[in-house]
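Convention: sequence-line order gives letters A, B, ...; per-chain numbering from 1.
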Amino acid sequence: MADTILVVVEQREGKLNRVSWETLTAGQAIAAQTGWPLEAAVVGSNIGSIAGEVAGKKVGKVYAVESAKLDPYTPDGFAHALKQFLSARKPRLVLMPHTYQVRDFAPKLATALGRVLISDCVGYKHEGGRLLFTRQMFQGKFAADVSFSGEPTWFVTFQNGAFRGDKVEAGAAAAPIETVQADVPDGVVRNKPHETFKEAKQAVDLTQAEIIVAVGRGIKEQKNIELAKQLAEALGGEIAASRPICDAGWLPMDRQIGSSGQTVAPKLYLALGISGAIQHIVGMKGSRTIVAINKDAEAPIFEIADYAAVGNLFEIVPPLIEEVKKAKGA
Amino acid sequence: MKILVCMKQVPQKDAPLKLNESGTWIREDVSYEVNEPDAYALEEALRQKEKHGGEVVVITAGPARSQQVLREALAKGADRAIHLEDPAFVGLDAINTARAFAAAIKDEKFDLIFTGLQSDDYGYAQTGVILAELLGWPHATIIMQIEKADGGIRVKRELEAGYFQFVDMPLPAVLTIQSGINKLRYATLIGIKQAKNKPLRKVALAEVQDALSPNLLKLERLYVPQKTKNTEVLQGSAGEIAKKLTEKLRNEVRVL
């Protein structure tokens, strides 16, 4: 299995996480450029149907790494099973999506194998026969190209949205599936997870909103939220926020956009005083039109904005509310 | 409970950052602050101590300037601090940072180690999980609540898309703490005064060098990301920008 690229797809509670298709797309692209064979693995219990789903894609082989001890997910169980599997197969490159679950076990797995993980990548480059992985740093203000200087196996995780999951290539014929029994002895798994749950029924479903006015740290004080609300009202949209605003209790948690909140794609996303940290961007970059108002010309939010206004939001928003009202009245 | 909190000094959120001449790191002449998730980790440790008694120790790795993070933590109520002091610590990858911490605390007996869930500079989100593996301890990530339970603790993990999960786990353990788990306190004047007399142990690079290995990954270059969108910048006074933007919203975005 030398030189093989292995994509470990994610399953949660028996369902394939669709973000896995993005990782597989990345694997297919790297395989095409390097000539390295591509394989996939799914880890868990009763995962035959997921392995079958993955085997329909353009991939050399699919491994189903099975054990009853892998349900429910625990970092101990997954790291143990994958360490066993990877020690035997020794792929060159292991690709995974940068999900909360992967973040929970992948650094442990890489460390257990004496290897390292380049996490949260947004792309890769194949330059002069070398692979470089691109990731965001300093909250998205810079990008960095990072290479592996040690021996394989190399571990990489890709950020949600880094590749197009809908572009994953189907295979000409179903790939063979090999079931591998993982040996997870008693005592390996130390954590006892309970059922997953939702805190409360979400009061607002921001995914249905056509217009969203979102506020970030630039709003400065709780009382200034009112200004943003007035703009949202004038536009006929919903108010939302980046995580720090909800952490501070200035808006309820169900108004939060980003990796730990809701993912939205409205017609208009108007970002007020939002710098555009990665965790926020992943929740709104699919918006049809993005307007950003921020005093910092270097704010990463401007990288993805269609319309940008560099300036003081407290000076721009009041006349904007008036203009919008006028336009609507006309 | 004896709790260690791993903290990091990072550039201030709105500090304008510039690349160094070789394009491999930022210019260091910027303002720094505590990594935000680490501030929540410290707050949670202080609250646990207030509830159950014990000791809160803070640790950081970085040049002399990063001592500020420890001073602030002591002023807020941490009992003592450990400073792995050397500019070289800034360039360590996550596994070497974790190795350095593990080496520096080898004679201590903690019940819990907290880290923020990720740093605002590198953002690898790995150090805490790696540290757990090096110590042979269980861990849980992105934690929003911690309670003592029979034989250990019960923690609340944040999952994606609004889901949560309670996990029972034995001690000692490593937890990575999510921002917003609690409300941060401010240091009091008395706290700031008392902090001056609290113990701060310095650890030189040479003392932990044996535990480290060359980095297994290399940051080849750092650069301003290429724009993927054609952004139209609206110029003028605030009033003019408001007018122009309203026109765009009506005629091009067509939402008015």
Could you please state which residues from [range] sit under 4.5 angstrom from chain A, measuring non-hydrogen atom to non-hydrogen atom, sorted by number, or 'none'?
range	answer
residues 152-159 of chain B	R154(B), K156(B), R157(B), E158(B), L159(B)
residues 173-184 of chain B	Q178(B), S179(B), G180(B), K183(B)
residues 33-46 of chain B	E36(B), Y40(B)

Rounded distance (nearest 0.5 Å) linking atom [atom1] of [X] with atom [atom2] of [Y]:
X	Y	atom1	atom2	result
L249(B)	K267(A)	CG	NZ	12.5 Å
I316(A)	I241(B)	CD1	CD1	4.0 Å
T74(A)	M169(B)	OG1	CE	10.5 Å

query = Where on L117(A) is there a heavy atom nearer than 4.5 Å to chain B: the side chain, the backbone, both, or neither?
reply = both
inquiry  = Does any backbone or side-chain atom of P11(B) lie under 4.5 Å from a heavy atom of chain A? Answer side chain, backbone, both or neither.
reply    = side chain
request  = Check the angle between the aromatic planes of H194(A) and F166(B) and answer parallel, tilted or perpendicular using the 30° and 60° thresholds.
outcome  = perpendicular
Steps toward side chain to side chain donor-acceptor pair (under 3.5 Å) verdict (S119(A), Q126(B)) = CA-CA 8 Å; S119(A) 46; Q126(B) 295 190 38; 2.9 Å; yes
message = Tell me which of these, K243(B), E240(B), E252(B), has more heavy-atom pairs under 4.5 Å with chain A than the rest.
response = K243(B)
With a cut-off of 3.5 Å and sequence neighbours excluded, list every side-chain donor-acceptor pair involving residues 132-139 of chain B.
{"unit_1": "E133(B)", "atom_1": "OE1", "unit_2": "K108(A)", "atom_2": "NZ", "d": "2.7"}
{"unit_1": "H139(B)", "atom_1": "NE2", "unit_2": "D104(A)", "atom_2": "O", "d": "2.6"}

